[in-house]
Amino acid sequence: MDRGYDECLYTIENSTITKALTVGDKPVLFRISSVRHSKLQIDVLSGYSPKIITVLGLYVSKWLDLDRDLAPFYKKLGRSNACAELTEKYKGLHLINIPNLFESICWSIIGQQINLSFAYKLKRRLVEKYGTSVQHQGKTHLIFPTPKSLQDAVPADLKIMQFSKQKINYLLTVANAFNTGQFSADHLEQLPTMKARQAKLLSLKGIGIWSANYVLMKSLNEPDSIPFGDAGLNKALKRLGIIKDRKEVQKIEAFFRPFAGWQSYLTLYLWRHLYGQGLVSNKKHEGQTSRQ
DNA sequence: TCCCAGGTGTCGA
DNA sequence: TCGACACATGGG
């Protein structure tokens, strides 16, 4: 999970992940570590209640996409000449999701058209100013802001934090849409088709096709959501010889078609392949990776 | 200095 | 419908 960026919403240390979360109205801090037989153990470090383990179990399962059996995906990868090597290289790599829809939408806006290092910087500034936190053994564990806390943000403050006027406008509009009830995770999930969910996301100012598909992939676990136009994705496809130019949309669609049911995962593996090749040079350092 | 980053909205043809 | 362009900043 450690991609070498300044991730502020969880901490990786000694093969464990520590994360703070708001459950109900209460902050909870938990740690995930691996135990024997490839099992994960969850320890509640603060905010324990008898019901919390069940809630955290479901959360972690969704966050790390633990219930996904990747065997059918590897079968499809094996049939593709261009992608056969991806199985061996990244076997066991699961999606890292963003279960919180508001966070996922905000993150897609923050990450638009800037390099990832800078995007992580902006996210940290936003979370430190408008989010909450849990203190534990001298360390601060940050929790992403709620729509309500971001609604009160002053544009001038966000400008000082190096958010562009456009991004400030988009973020405040999204916060407002959640606060007024125009937008909610429940409503979005209840829409009957992926197209309908995509259209709902596209209705938000600042959410284009890339962001909508990114959110569908990371927050709603859509299996066939491809962030078309993504710079990294295009670069990976060029590297594999699938396309020569990003405008070859039909070739991209034809390449993804046999992976129906696994197109989100194919995107993940292509991204990781790109990073694995060292084509993205703006990372702090090359980190040990297992999931994206 | 120039170009590219996990893009989007707007405008004009 | 499509291409051009502005937006905004860091890093190679």
Side-chain angles (χ1 to χ4, degrees), chain A residues 1-9 90 93 95-98 103-126 155-175 177 198-220 222 225-240 242-250 252 256 263-287 289 291-292:
Chain A
M1 284 179 72
D2 181 7
R3 295 203 284 145
Y5 294 112
D6 181 25
E7 173 60 63
C8 63
L9 295 174
Y90 310 110
L93 178 68
L95 269 167
I96 295 287
N97 291 312
I98 306 175
E103 177 191 330
S104 161
I105 293 175
C106 291
W107 178 227
S108 79
I109 290 169
I110 292 170
Q112 288 168 5
Q113 193 53 24
I114 55 173
N115 66 65
L116 273 179
S117 295
F118 186 49
Y120 276 96
K121 270 186 204 168
L122 291 179
K123 182 168 85 165
R124 176 177 283 282
R125 289 171 190 163
L126 188 82
D157 290 340
L158 288 162
K159 193 84 186 74
I160 290 169
M161 292 152 67
Q162 292 183 289
F163 282 85
S164 68
K165 281 181 210 161
Q166 277 180 328
K167 283 187 180 168
I168 294 168
N169 185 26
Y170 296 161
L171 289 171
L172 296 182
T173 302
V174 169
Q198 190 185 56
K200 181 71 183 169
L201 285 163
L202 288 171
S203 73
L204 285 169
K205 204 166 179 65
I207 300 298
I209 192 70
W210 179 89
S211 298
N213 286 357
Y214 182 86
V215 169
L216 288 169
M217 173 199 288
K218 299 286 261 187
S219 213
L220 277 84
E222 293 283 359
S225 185
I226 309 161
F228 284 114
D230 178 83
L233 184 59
N234 287 329
K235 204 175 254 187
L237 291 173
K238 276 189 203 170
R239 188 176 181 85
L240 288 171
I242 311 296
I243 57 169
K244 287 181 181 154
D245 187 280
R246 61 176 61 195
K247 289 176 186 169
E248 294 173 305
V249 178
Q250 288 184 337
I252 298 174
F256 271 92
Q263 291 171 343
S264 297
Y265 258 86
L266 180 57
T267 302
L268 165 72
Y269 274 58
L270 290 172
W271 274 339
R272 179 46 56 93
H273 188 54
L274 178 68
Y275 299 131
Q277 298 291 323
L279 286 178
V280 173
S281 54
N282 49 11
K283 295 166 68 173
K284 254 187 352 186
H285 58 82
E286 289 294 325
T289 54
R291 290 165 189 267
Q292 182 140 353

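In the text below, chain A, chain B and the rest are named by the order of the sequence lines, each starting its count at 1. As the structure is a prediction and not an experimental result, all values here were calculated from the model.
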Legend entry - Residue list, salt bridge (charged side-chain N to carboxylate O under 4.0 Å, His left out) with A/Glu103, at least two apart or on another chain: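 A/Glu103 satisfies salt bridge (charged side-chain N to carboxylate O under 4.0 Å, His left out) with no residue once adjacent residues are dropped.
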Inset, instruction - Only counting residues at least two apart or in another chain, list the ones meeting salt bridge (charged side-chain N to carboxylate O under 4.0 Å, His left out) with A/Lys167. - result: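 Partners of A/Lys167 under the salt bridge (charged side-chain N to carboxylate O under 4.0 Å, His left out) test: none.
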Legend entry - Under 3.5 Å donor-acceptor, A/Ser219 side chain and A/Ile98 backbone: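 Answer holds: yes.
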Whole Å only: how far is the [atom1] atom of [X] from the [atom2] atom of [N]?
| X | N | atom1 | atom2 | value |
| --- | --- | --- | --- | --- |
| A/Ile114 | C/dG12 | CD1 | P | 15 Å |
| A/Ile109 | B/dG9 | CD1 | C1' | 13 Å |
| A/Asn234 | B/dG7 | CG | C1' | 12 Å |
| A/Asp230 | B/dA5 | CG | P | 10 Å |
| A/Leu158 | C/dT9 | CG | C1' | 16 Å |
| A/Leu122 | C/dT9 | CG | C1' | 9 Å |
| A/Asn169 | C/dA8 | CG | C1' | 15 Å |
| A/Leu116 | B/dC4 | CG | P | 17 Å |

Kindly give the atom pairs (protein nitrogen or oxygen, nucleotide nitrogen or oxygen) under 3.5 Å for nucleotides 2-7 of chain C.
from	atom 1	to	atom 2	distance (Å)
C/dC7	O2	A/Gln166	OE1	2.8

Legend entry - Test ring pair (Phe, Tyr, Trp, His ring centres under 6.0 Å) applied to A/Tyr265 - qualifying residues, sequence neighbours left out: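 Per chain and number, A/Tyr265 pairs via ring pair (Phe, Tyr, Trp, His ring centres under 6.0 Å) with A/Phe73, A/Trp262.
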Legend entry - Qualifying residues under ring pair (Phe, Tyr, Trp, His ring centres under 6.0 Å), relative to A/Tyr120, sequence neighbours excluded: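 Testing A/Tyr120 for ring pair (Phe, Tyr, Trp, His ring centres under 6.0 Å), a comparison that skips the adjacent residues, returns A/Tyr5, A/Trp107.
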Legend entry - Within residues 198-211 of chain A, residues whose heavy atoms come under 4.0 Å of DNA chain B: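 Only A/Leu204, A/Lys205, A/Gly206, A/Ile207, A/Gly208, A/Ile209, A/Trp210, A/Ser211 qualify.
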Inset, instruction - In whole angstrom, give me the gap between the P atoms of C/dA4 and B/dC3. - result: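 Straight-line distance between the two P atoms is 15 Å.
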Inset, instruction - Please measure how far the P atom in C/dG11 lies from the corresponding atom in B/dT8, and state the result in whole Å. - result: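 Pairwise P distance, C/dG11 against B/dT8, rounds to 23 Å.
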Of all residues at least two apart in sequence or in a different chain, which pass the side chain to side chain contact (heavy atoms under 4.5 Å, CB included) check with [X]?
| X | answer |
| --- | --- |
| A/Ser225 | A/Met194, A/Asn213, A/Leu216, A/Met217, A/Glu222, A/Ser264 |
| A/Ala212 | A/Gln198, A/Leu201, A/Leu202, A/Ile207 |
| A/Lys159 | A/Lys165, A/Ile168 |

Inset, instruction - Report yes if a side-chain nitrogen or oxygen of A/Lys167 is closer than 4.0 Å to either non-bridging phosphate oxygen (OP1 or OP2) of B/dG9; otherwise report no. - result: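 No, no such contact exists.
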Inset, instruction - Would you please confirm or rule out a distance under 4.0 Å between OP1 or OP2 of B/dA5 and any side-chain N or O of A/Lys235? - result: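 Yes, A/Lys235 has a side-chain N/O under 4.0 Å of OP1/OP2 on B/dA5.
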Inset, instruction - Between A/Lys121 and A/Gln112, name the one whose nearest nucleotide on DNA chain C is closer to the 5' end. - result: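 That would be A/Gln112.
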Legend entry - Salt bridge A/Lys121-A/Asp6, side-chain N to carboxylate O under 4.0 Å: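 No, A/Lys121 and A/Asp6 are not salt-bridged.
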